[in-house]
Novice: 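My structure is below; once you've seen it, I'll send some questions.
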Amino acid sequence: MPHLIDTHVHLTSSRFQGDLDRVLARAHAAGVGTMINVGVDERDSAEAVAQSERFPKVWAAVGVHPHCAAEVSPRYLENLTALAKNRRVIAIGETGLDFYRDLSPRPIQERVFREQLALAAELNKPVIIHSREAHDQTLQVLREMSPPRSGVAHCFSGSGKVLDAFLELGFYISIAGPVTYPRSHQLRSLLGEIPADRLLLETDAPYLAPLPHRGKRNEPAFVKLTYERVALTLEVELEQLARQVRANAARLFWG
Ligand code: NI
């Protein structure tokens with residue numbers, strides 16, 4: 001069985017509260033050997049780190065999601081820095097800009113994004129980027145202060161032009177469950193444009209479950225469905241794809 005990596009999960013979600021052990025057992029049975037557990041605010045990041053210490057296959061990223069940018073504490077950068085000292089923490093994120101839901105005022109989103117990019121540079125860690133309906137602004141900020149270890153455009157959903165811009169900045173591109181949806185022609189047609197050594201795969205569980213689980217709670221075991229769809233589209237063996245993604249993640253997050 002191939003060793004699969006799920007580069008973006010939210011195991012701290014309340015939707016996993018009742019059965020996380022079973023979720024992790026199913027991930028194991030599906031061949032998922034590594035998961036990156038991504039924080040969305042200060043408290044959630046602390047919990048993601050705690051889980052990473054409890055479960056050997058789970059690593060952590062600490063950060064503030066653009067939705068949560070307006071609620072950071074005055075000491076949030078110190079808090080994230082303290083968390084990032086833990087050896088299980090391998091990235092800063094998720095951070096970025098979300099002008100689709102606009103849950104935090106845009107100027108605050110941008111300030112908190114910039115501060116976390118500076119933090120990633122200071123701590124020499126890659127960043128996990130969330131960008132929704134804000135690609136131009138996200139790329140503009142990244143051009144101004146691209147972190148030395150680069151990072152990943154998580155749950156990529158942009159055009160070919162946006163893809164090229166992220167690649168030019170040295171970023172990796174992570175593909176999630178929507179690649180399995182019937183209408184995602186554009187996303188599938190872009191897969192071949194991603195250099196093999198820049199491709200990552202993820203669930204973003206509990207969100208965005210791939211077919212045939214669309215609309216239900218997503219979980220790390222389902223990442224296999226995304227690997228299968230991407231392997232089919234790229235006409236490569238699943239085993240080869242799994243090996244490539246593992247090598248890419250190792251270079252970016254553990255390199
Ligand atoms: Ni996420």
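Every number for a ligand or one of its atoms is a count from 1 in the order of the listing. The figures that follow rest on heavy atoms only: side chains count, while hydrogens, waters and symmetry mates do not.
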Novice: Nearest 10° is fine: what angle sits at the Ni ion (ligand 1) between NE2 from His10 and NE2 from His8?
Specialist: 90°

Novice: Does Arg106 make a cation-pi contact with Phe99 (under 6.0 Å, within 45 degrees of the axis)?
Specialist: yes

Novice: Can you name the N/O/S atom of Glu94 that is nearest the Ni ion (ligand 1)?
Specialist: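 The Ni ion (ligand 1) is closest to the Glu94 atom OE2, counting only N, O or S.
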
Novice: By atom name, which N, O or S atom belonging to Asp204 lies closest to the Ni ion (ligand 1)?
Specialist: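 Relative to the Ni ion (ligand 1), the closest nitrogen, oxygen or sulfur of Asp204 carries the name OD1.
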
Novice: Do Arg214's NZ or CZ and the ring of Tyr181 fall within the cation-pi criteria of under 6.0 Å and 45°?
Specialist: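 Yes; both conditions hold, so Arg214 lies above the ring face of Tyr181.
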
Novice: Can you tell which of Met145, Gln137, Arg143, Glu144 makes a side-chain contact (heavy atoms from CB on, under 4.5 Å) with Val141?
Specialist: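 It is Met145; the other options fail the test.
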
Novice: Within less than 2.8 Å of the Ni ion (ligand 1), any N, O or S from His130?
Specialist: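 So His130 does not bind the Ni ion (ligand 1) by this criterion.
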
Novice: Taking Gln116 for the side chain and Val112 for the main chain, is one N or O donor matched with an acceptor at less than 3.5 Å?
Specialist: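 Such a contact is found between Gln116 side chain and Val112 backbone.
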
Novice: For the Ni ion (ligand 1), does an N/O/S atom of His65 lie at less than 2.8 Å?
Specialist: no

Novice: Check Pro220 against Val23 and note the closest heavy-atom contact, atom names and distance.
Specialist: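 Closest approach of Pro220 to Val23: CD-CG1, 3.7 Å.
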
